[in-house]
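Notes follow once the structure below has been shown.
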Amino acid sequence: MKVLFMCTANSCRSILSEAVFNHLAPQGFEAISSGSFPKGQVLPRSLSTLQAAGISIEGLYSKGNDAFEGSPPDLVITVCDKAAGEACPVYFGPAVKAHWGLEDPSDVQGDDTNVQSAFDATLAIIATRCRAFFAVPFDRLSPADLKVELDRIAVLS
């Protein structure tokens with residue numbers, strides 16, 4: 001099963017989600033990420049946070065929707081934060097879609113400790129949601145039931 005994590009810039013939340021998902025994924029699951037307006041580079045703090053957690057950063061880069069053009073996803077999960085007034089990217093393919101909103105840790109102001117705490121908290125939420133995702137009985141769910149499960153996972157933190 002291929003999962004696409006989408007965000008606006010593909011430099012932080014969607015990158016963190018891609019990396020954590022692939023780190024925890026059992027065989028047969030793979031994530032990729034993209035942005036509707038990719039920044040062109042991954043935030044250095046995203047990479048250092050992943051490395052500190054023992055998660056590989058190999059192959060991570062900021063990319064647009066052309067990254068999965070030849071291999072469409074089965075699921076699309078947007079991670080933008082609608083509450084912040086951010087425009088959420090849209091994917092028009094046949095994939096099941098869900099929204100797992102995450103506040104952008106790169107928007108946190110303050111000293112290095114406060115900013116790093118925001119990144120660590122975001123990483124923890126993503127890991128919680130990914131673990132719940134891998135516990136879903138995919139083989140027994142219709143697309144509509146899967147959407148219900150994905151929406152249930154969206155509120156976990």
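As a basis for the values below, the full set of heavy atoms in this structure was taken, side chains included, without hydrogen atoms, waters or symmetry mates. Throughout, residue positions are numbered sequentially from 1 according to the sequence presented.
Atom CG of Leu60 is separated from atom CG of Leu50 by 6.5 Å, given to the nearest 0.5 angstrom. Interatomic distance, Trp100 CH2 to Leu156 CG, rounded to the nearest 0.5 Å: 8.5 Å. To the nearest 0.5 Å, atom CZ of residue Phe5 and atom OG of residue Ser17 are 5.0 Å apart. Here the straight-line distance linking atom CZ of Phe21 with atom CG of Leu4 works out to 11.0 Å at 0.5 Å rounding. Note that CG of Asp81 is 9.0 Å distant from SG of Cys7, once rounded to the nearest 0.5 Å. Here Ser46 contributes atom OG and Gln41 contributes atom CD; the two are 10.5 Å apart, rounded to the nearest 0.5 Å.
Listed here is the closest heavy atom pair of Leu146 and Phe138: CD1-CE2, 3.6 Å. The two atoms that bring Ser106 and Leu43 nearest to each other are CB-CD1, 3.4 Å, heavy atoms only. Closest approach of Ala9 and Ser62 over heavy atoms only: O-OG, 3.2 Å. Minimum heavy-atom separation, Ser14 to Val79: N-CG2, 3.7 Å. Of all heavy-atom pairs spanning Asn22 and Ala31, the tightest one is OD1-N, 2.7 Å. When all heavy atoms of Ala95 and Val76 are compared, the pair lying nearest together is CB-CG2, 3.8 Å.
The same ILVMFWY cluster, assembled from side-chain heavy atoms under 4.5 Å apart, contains both Ile125 and Phe134.
In the model, Ser34 has a side-chain atom that pairs as donor or acceptor with a side-chain atom of Asn65 under 3.5 Å.
Considering only heavy atoms from C-beta on, Leu141 comes within 4.5 Å of Val136 through its side chain. By the 4.5 Å heavy-atom criterion applied to side chains, Ser11 and Ile15 are not counted as neighbours. At a threshold of 4.5 Å between non-hydrogen side-chain atoms, the residues Lys39 and Asn10 do not count as touching. Looking only at side-chain heavy atoms (C-beta outward), Val3 and Glu30 stay at 4.5 Å or farther from each other. Residues Met1 and Leu75 are in side-chain contact: their nearest non-hydrogen atoms beyond the backbone lie under 4.5 Å apart. Considering only heavy atoms from C-beta on, Phe133 comes within 4.5 Å of Leu150 through its side chain. No side-chain heavy atom of Pro105 sits less than 4.5 Å from a side-chain heavy atom of Gln116.
Residues satisfying the side-chain hydrogen bond (donor to acceptor under 3.5 Å, both in side chains) test with Asp151, not counting sequence neighbours, are Lys147.
Residue Glu18 forms a salt bridge (charged side-chain N to carboxylate O under 4.0 Å, His left out) with just one option from Arg13, Lys2, Lys63, and that option is Lys63.
The backbone N or O of Cys80 sits nowhere less than 3.5 Å from a side-chain atom of Thr78 that would complete a donor-acceptor pair. Counting only distance, with no hydrogens or angles, the side chain of Arg129 and the backbone of Ala154 share a donor-acceptor pair below 3.5 Å.
Heavy atoms from other residues, nucleotides or ligands lying under 6.0 Å from CD of Glu103 number 12 at most.
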- [ ] Take Ile153 and Arg131, measure what side chain to side chain contact (heavy atoms under 4.5 Å, CB included) needs, and give me the verdict at the end.
- [x] CA-CA 10 Å; Ile153 292 169; Arg131 286 185 184 99; over 6 Å; no
Open item on the list: As a quick check of understanding, evaluate side-chain hydrogen bond (donor to acceptor under 3.5 Å, both in side chains) for Asn114 and Ser117, giving each step before the final call.
Closed with: CA-CA 5 Å; Asn114 287 343; Ser117 291; 5.5 Å; no
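Taking a cutoff of 4.0 Å between a charged side-chain nitrogen and a carboxylate oxygen, Asp120 and Arg45 do not qualify as a salt bridge.
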